[in-house]
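Data first, discussion second: the structure below is written as structure tokens.
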Amino acid sequence: MRWRSLSIRRIAARFLAELEEEQQAENVWVEDIRTKIDAAISASEQTSPIDGETFVNQILERFQRDLV
């Protein structure tokens, strides 16, 4: 019976360690995304706005250019 409780404790400890590692990785990802969003906001404040049609056309042109 003792070996079984040790195994359960090891499994639980491993699970908690992996959960903490995953949460830390997610926190890094969230901070990275926040940084990118802040940079995009800053860039958008320094450039003149474009309408949606122009934006979509520019993306389509890039796709067509990159396919060639």
Side-chain angles (χ1 to χ4, degrees):
M1 184 75 103
R2 179 182 161 98
W3 65 269
R4 192 172 194 175
S5 65
L6 287 176
S7 294
I8 292 171
R9 286 186 183 147
R10 287 182 184 159
I11 291 169
R14 174 74 183 234
F15 172 78
L16 292 174
E18 289 186 20
L19 180 62
E20 183 177 344
E21 186 178 313
E22 186 176 322
Q23 287 174 336
Q24 288 174 349
E26 184 175 338
N27 290 342
V28 168
W29 178 83
V30 166
E31 196 56 41
D32 183 48
I33 295 300
R34 280 191 181 128
T35 301
K36 290 177 181 178
I37 290 171
D38 289 343
I41 290 170
S42 178
S44 71
E45 290 172 344
Q46 297 173 9
T47 58
S48 59
I50 59 172
D51 63 84
E53 185 177 352
T54 302
F55 176 75
V56 170
N57 287 334
Q58 287 176 352
I59 290 175
L60 291 174
E61 288 172 9
R62 285 185 207 158
F63 285 154
Q64 290 173 352
R65 186 177 55 229
D66 291 344
L67 289 175
V68 175

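On a predicted model such as this, the values are computed, not experimentally measured, just so you know.
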key: Test log, rule side-chain contact (heavy atoms from CB on, under 4.5 Å), inputs Ile41 and Glu45   = CA-CA 6 Å; Ile41 290 170; Glu45 290 172 344; 3.6 Å; yes
remark   = Rounded to the nearest 0.5 angstrom, the CZ-CD distance for Phe15 and Glu20 is 12.0 Å
note = One should read off an interatomic distance between Leu19 CG and Arg14 CZ, to the nearest 0.5 angstrom, of 13.0 Å
key: Qualifying residue, where the test is side-chain contact (heavy atoms from CB on, under 4.5 Å) with Arg34 and the options are Asp32, Val30, Ile37   = Val30
ask   = Does Ser42 use its side chain to pair, donor to acceptor, with the backbone of Asp38 at less than 3.5 Å?
value = no
inquiry  = Looking at Thr35 and Glu31, would you say the former's side chain and the latter's main chain have a donor-acceptor pair under 3.5 Å?
reply    = yes
Enumerate donor-acceptor pairs with a distance under 3.5 Å from any side-chain N or O in residues 55-67 to protein atoms, sequence neighbours excluded.
unit_1	atom_1	unit_2	atom_2	d
Asn57	ND2	Glu53	O	3.2

